[in-house]
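Everything below concerns the one structure shown next.
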Amino acid sequence: MKKIAFICLAAMLTASSVSALPPVNGKVLTVFKTSFPEIQKTTWHDNRDFYTVHFIDTDGSKCRIDYDLEGNLLSSTRYYTQENLSPFIRGKVNER
C-alpha cells in the first residue's frame with residue numbers, strides 16, 4: 001500500500017513539474033538564460049511566429065521581450081518606476 005501511495009505521489013510531482021515548463025524551444029530558452037541568468041520567475045507566451053517572455057528584472061522593472069523561433073531578439077520593452085528614471089527624464093515627465 002505504501003508503494004502505491006509513493007508511486008502516485010511521484011507521478012503527481014512529475015506531472016506538475018512537466019506542466020510548469022515554458023512552451024518554448026531550447027534555442028530561445030538558452031538565449032534568454034544566457035542574457036538573464038538571475039531571473040527565476042518568467043511567464044512565456046507562444047504567439048505562433050514568435051515567443052514573448054514577461055519578467056521582473058533584478059532592479060524591479062517589469063520587462064517584456066519578443067524572440068523569433070530561432071532565439072533572435074525581435075523587441076524589448078522595459079517599464080520603469082519613477083525612482084529608476086534619471087533626474088532629467090523625471091523632471092521632463094513631471095513638467096507634462
Side-chain angles (χ1 to χ4, degrees):
M1 186 66 169
K2 289 181 183 179
K3 288 182 182 180
I4 294 173
F6 179 73
I7 291 172
C8 288
L9 178 63
M12 286 189 301
L13 290 175
T14 303
S16 67
S17 65
V18 169
S19 65
L21 294 175
V24 297
N25 67 33
K27 288 181 184 179
V28 176
L29 280 177
T30 302
V31 169
F32 178 77
K33 287 296 184 182
T34 303
S35 300
F36 301 96
E38 67 282 351
I39 302 301
Q40 298 296 319
K41 295 183 180 178
T42 58
T43 304
W44 289 90
H45 301 282
D46 184 354
N47 300 309
R48 188 177 289 184
D49 295 334
F50 63 97
Y51 295 109
T52 301
V53 61
H54 294 270
F55 62 95
I56 297 177
D57 205 355
T58 54
D59 65 355
S61 58
K62 293 180 182 179
C63 301
R64 171 192 167 157
I65 299 178
D66 294 329
Y67 292 102
D68 68 7
L69 301 178
E70 297 298 316
N72 298 311
L73 180 79
L74 297 175
S75 67
S76 66
T77 305
R78 184 177 296 258
Y79 300 94
Y80 291 99
T81 60
Q82 188 175 21
E83 295 80 27
N84 293 346
L85 294 175
S86 71
F88 175 76
I89 295 174
R90 193 176 330 152
K92 290 293 185 181
V93 169
N94 287 336
E95 283 178 9
R96 293 184 181 194

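Computed from a predicted structure; not experimentally measured.
By the side-chain hydrogen bond (donor to acceptor under 3.5 Å, both in side chains) test, Ser61 pairs with Asp59, Arg78, sequence neighbours left out. By the side chain to side chain contact (heavy atoms under 4.5 Å, CB included) test, Ile89 is found to be paired with Leu85, Ser86, Val93, residues two or more places apart in sequence or in another chain being considered. For Arg90, there are no salt bridge (charged side-chain N to carboxylate O under 4.0 Å, His left out) partners, not counting sequence neighbours. For Thr58, the side-chain hydrogen bond (donor to acceptor under 3.5 Å, both in side chains) criterion is met by no residue, not counting sequence neighbours. Take Lys27 and apply the salt bridge (charged side-chain N to carboxylate O under 4.0 Å, His left out) test, not counting sequence neighbours, and it matches Glu70. Contacts of Glu83 classified as side-chain hydrogen bond (donor to acceptor under 3.5 Å, both in side chains), with partners at least two apart in sequence or in another chain: Thr81. Partners of Asp49 under the side-chain hydrogen bond (donor to acceptor under 3.5 Å, both in side chains) rule, at least two apart in sequence or in another chain, do not exist in this structure.
Taking CD of Gln82 as the reference point, atom CG of Asn94 lies at 5.5 Å (rounded to 0.5 Å). Residue Tyr67 holds its OH atom at 9.5 Å from CG of Leu29, rounded to the nearest 0.5 Å. A distance of 10.0 Å separates CG of Leu69 from CG of Asn47, quoted to the nearest 0.5 Å. Here the straight-line distance linking atom CG of Leu73 with atom OG of Ser35 works out to 8.0 Å at 0.5 Å rounding.
Minimum interatomic distance between Thr30 and Thr34 (heavy atoms only, all atoms of both residues): O-OG1, 2.7 Å. For the pair Asp68 and Val28, the tightest heavy-atom approach, listed with the atom from each and the gap, is O-CG2, 3.6 Å.
Counting non-hydrogen atoms of other residues, nucleotides and ligands closer than 6.0 Å to NZ of Lys92 gives a total of 12 or fewer.
Residue pairs that meet the ring pair (Phe, Tyr, Trp, His ring centres under 6.0 Å) test with at least one member in residues 68-89, sequence neighbours left out, do not exist here. Sorted by first and then second residue, the ring pair (Phe, Tyr, Trp, His ring centres under 6.0 Å) pairs with a member in residues 46-66 read Phe32-Phe55, Phe36-Phe55, His45-His54; sequence neighbours excluded.
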- Message: Using side chain to side chain contact (heavy atoms under 4.5 Å, CB included), reason through Asp57 and Glu38 one step at a time and then give a plain yes or no.
- Response: CA-CA 9 Å; Asp57 205 355; Glu38 67 282 351; 3.9 Å; yes
- Message: As a quick check of understanding, evaluate side chain to side chain contact (heavy atoms under 4.5 Å, CB included) for Thr52 and Ile65, giving each step before the final call.
- Response: CA-CA 6 Å; Thr52 301; Ile65 299 178; over 6 Å; no
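Between Asp66 and Arg64 there is a salt bridge, with a side-chain nitrogen of the basic residue lying less than 4.0 Å from a carboxylate oxygen of the acidic one.
Within the 4.5 Å cutoff, no side-chain heavy atoms of Asp46 are placed close to those of Val24.
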